[in-house]
Amino acid sequence: MVTLYLPDKEIECAEVRPVKFKMLITENGHEYLLLYDWGQQHLYAVKRGEGEQLEFTYIDKTIRVEEELQ
């Protein structure tokens with residue numbers, strides 16, 4: 001059971017399936033969200049809206065990801 005506390009209400013729900021994600025940033029400061037769901041990877045652009053609200057725009061399904069060890 002997961003309980004979400006918002007400023008004006010509380011929502012109780014069950015987790016249906018775990019989702020993994022990575023927040024990414026380029027040298028130019030562009031932010032992205034890489035979402036892993038049911039063996040597929042999807043890329044979203046992230047923009048900072050008014051205040052601290054994040055806006056997500058779907059870009060496309062990612063077919064391959066390479067990671068360098070730091």
Side-chain angles (χ1 to χ4, degrees):
M1 181 65 70
V2 177
T3 304
L4 306 171
Y5 297 95
L6 305 171
D8 60 343
K9 64 182 169 183
E10 176 178 313
I11 302 171
E12 289 187 6
C13 32
E15 183 175 352
V16 178
R17 63 179 181 248
V19 175
K20 297 180 184 178
F21 64 91
K22 290 185 179 187
M23 290 296 294
L24 306 169
I25 190 167
T26 66
E27 292 177 356
N28 298 328
H30 296 109
E31 294 178 284
Y32 297 94
L33 174 74
L34 183 61
L35 179 71
Y36 296 90
D37 184 31
W38 287 97
Q40 296 183 357
Q41 303 166 21
H42 301 276
L43 186 64
Y44 293 81
V46 180
K47 287 179 89 178
R48 306 257 174 204
E50 291 184 27
E52 291 296 314
Q53 187 170 2
L54 298 177
E55 298 174 4
F56 300 93
T57 304
Y58 182 74
I59 296 176
D60 207 345
K61 181 178 171 183
T62 305
I63 55 172
R64 183 173 157 192
V65 175
E66 290 184 8
E67 296 186 35
E68 292 182 20
L69 297 176
Q70 300 274 333

Inset, instruction - Apply salt bridge (Lys or Arg N to Asp or Glu O under 4.0 Å) to E67 and list each qualifying residue two or more places apart in sequence or on a separate chain. - result: K22
Legend entry - More than 12 heavy atoms of other groups within 6.0 Å of Q53 CD: no
Which donor-acceptor pairs under 3.5 Å do the side chains of residues 24-36 make with protein atoms, sequence neighbours left out?
unit_1	atom_1	unit_2	atom_2	d
T26	OG1	N28	N	3.3
T26	OG1	H30	N	3.1
E31	OE1	R48	NE	3.4
E31	OE2	R48	NH2	3.0

Inset, instruction - Would you check, one step at a time, whether the test side chain to side chain contact (heavy atoms under 4.5 Å, CB included) holds for K61 with Q40? - result: CA-CA 7 Å; K61 181 178 171 183; Q40 296 183 357; 4.0 Å; yes
Legend entry - Approximate separation, where rounding is to 0.5 Å, of E55 CD and E50 CD: 8.5 Å
Table please: side-chain donor-acceptor pairs of residues 2-9 below 3.5 Å, with sequence neighbours left out.
none

Legend entry - Residues in ring-ring contact (aromatic ring centres under 6.0 Å, His included) contact with Y58, at least two apart in sequence or another chain: H42, Y44
Inset, instruction - Treat each ILVMFWY residue as a node, draw an edge where side-chain heavy atoms are under 4.5 Å apart, and state whether F56 and F21 are in one component. - result: yes
Inset, instruction - Quick one: pull up CD1 in I63 and CG in L43 and give me the separation to the nearest 0.5 Å. - result: 12.5 Å
